[in-house]
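Data block below; observations after.
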Amino acid sequence: MLSAVERKIEQFIADLNDKEVSKLYGQLPHGKRLRAKLILKIAGSGLSVIKTAAIVEMIHAASLLHDDVIDDAYIRRAKPSLNALYGNKTAIMLGDILYSKGFLELNNISSEVAKIISNAVVQLSLGELKDVSLSKTFNLDKEVYLEMIYQKTASLMEASAGAAAVLAGKSQEAYMTYGRNLGLAFQMIDDILDITADAAILGKPALHDFEEGKTTLPYIYLYEVLDSKEKETLKSLHTKQLSSEEQNWILERMRTHKIIEKSFFEAKELVEEAIELMDRYGEEALSGIAMQMIDREF
Ligand code: FPP
Ligand code: MG
């Protein structure tokens, strides 16, 4: 059924009747389509469901186009990002086009679904701003980190699950909790992979987040257990272009203090909570997609 979503996105793009946009869209790698999968699993394959899934994926793609400009990221999904290929202006405008076409189509679903999705896009944007602002500081507050990843990432998964529940006549609140937990876990794993994954698999350099100023969950936990001298060393490396010796210093301490295990455990707990919640609603099929959140290499 995912192919029906792909076809719907292609149709929305074709509606625009613009060769350049079609060409640019054709060059975007698709990604895992997790949000679409989530929507289809909850709500089946009616036309409104397919359209909602297509709209959410277009909004997600738009947000990544903008995010790569904001992050100066030249690689996305192991390929050159659109800003790397065509410059920031083109990437921003393609993002604007995907995003506004998505919103135009959202009007044709229902006002309830439109409200849920558009509220998430507000959160997404606030979260991205917070991410950028926080990276200028050495943030050690876990609650602040959790709020930021909720807004930046979990809000759209929460809204995807909530909108799907509305379309299927299911409990909006329970499904939103499920989507929220999945989204939080997804971003935590993303942040862990930045530290553990091979740069080739990840499609971006390792420990990039810390160099960018992002003190993600593993760094917050690591700082907590370091002695005062080591705390100072870690702080001095923040936002620095790290030498391999400095990278190893961080990685060794992460290993000694089992920081990755601790962070992974937290993500796993959120996923398990989500699975248990859905089991209570007789939605065993939703556990597979939840497991995909934690069981991934990139
Ligand atoms: C990726 O985070 C970024 C997001 C999930 C959200 C980006 C949101 C915006 C740019 C604002 C909304 C814009 C529109 C057009 C809807 P990351 O940088 O931690 O992840 P990455 O490693 O995948 O780059
Ligand atoms: Mg980014």
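Everything numeric here is computed off the predicted structure, so don't read it as measured data. Each ligand, and each atom within it, is numbered from 1 in the order the structure gives.
- Atoms of ligand 1 found under 4.0 Å from any heavy atom of Ser125, numbered from 1 in the order shown, are 11 (C), 12 (C).
- The minimum distance between the Mg ion (ligand 2) and any N, O or S atom of Asp67 involves atom OD2.
- Using a 4.0 Å cut-off between charged nitrogen and carboxylate oxygen, Lys101 and Glu105 count as a salt-bridge pair.
- Every atom of ligand 1 with a heavy atom of His66 under 4.0 Å away is listed here by number and element: 10 (C), 15 (C).
- Looking at Asp190 against ligand 1, only its side chain comes within 4.0 Å, counting heavy atoms.
- Interface of Tyr99 with ligand 1, defined as ligand atoms under 4.0 Å from a residue heavy atom, comprises 16 (C).
- Contacts between Val121 and ligand 1 below 4.0 angstrom, taking non-hydrogen atoms only, involve the side chain exclusively.
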Phe103/Tyr99 under ring-ring contact (aromatic ring centres under 6.0 Å, His included): CA gap, chis, key distance, verdict | CA-CA 6 Å; Phe103 260 65; Tyr99 163 76; 5.0 Å; yes
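- Distances from atom 18 (O) of ligand 1 to the heavy atoms of Val69, Thr216, Ile75, Asp71 put Asp71 nearest.
- Closest to the Mg ion (ligand 2) among the N, O or S atoms of Asp71 is OD2.
- Near Asp67, the atoms of ligand 1 lying under 4.0 angstrom from a non-hydrogen atom of the residue are 1 (C), 2 (O), 3 (C), 10 (C), 17 (P), 18 (O), 24 (O).
- Taken to the nearest 0.5 Å, the CG atom of Leu277 stands 9.5 Å off from the CD atom of Glu173.
- Per-residue contacts place Gln187 under 4.0 angstrom from the following atoms of ligand 1 (heavy atoms of the residue considered): 19 (O).
- Listed by number with element, the atoms of ligand 1 under 4.0 angstrom from any heavy atom of Lys214 are 18 (O), 19 (O).
- The number of heavy-atom neighbours closer than 6.0 Å to CD of Glu20, taken from other residues, nucleotides and ligands shown, is 12 or below.
- A salt bridge between Glu246 and Lys240 is present, with a side-chain N of the basic residue lying under 4.0 Å from a carboxylate O of the acidic one.
- Of the polar atoms of Arg76, at least one N or O is found under 3.5 Å from an N or O of ligand 1, judged by distance alone.
- The aromatic rings of His238 and Phe138 stand perpendicular to each other, their planes meeting at an angle above 60°, with 30° marking the opposite boundary.
- For the pair Asp67 and Arg76, the salt-bridge criterion is met [side-chain N within less than 4.0 Å of a carboxylate O].
- The residues Arg280 and Glu276 are annotated as not salt-bridged, no charged nitrogen and carboxylate oxygen being separated by less than 4.0 angstrom.
- Between Glu128 and ligand 1, no pair of N/O atoms sits closer than 3.5 Å.
- For Lys170 and Tyr281, the positive end is not near the middle of the six-membered ring at less than 6.0 Å and at most 45° from its axis.
- Numbered from 1 in the order shown, with element, the atoms of ligand 1 that lie under 4.0 Å from a heavy atom of Lys152 read 2 (O), 4 (C), 5 (C), 6 (C), 17 (P), 19 (O).
- Within the model, atoms CD1 of Ile97 and CG of Asp18 stand 6.5 Å from one another, a figure rounded to the nearest 0.5 Å.
- Between Asp191 and ligand 1, a contact under 3.5 Å exists for no N or O pair.
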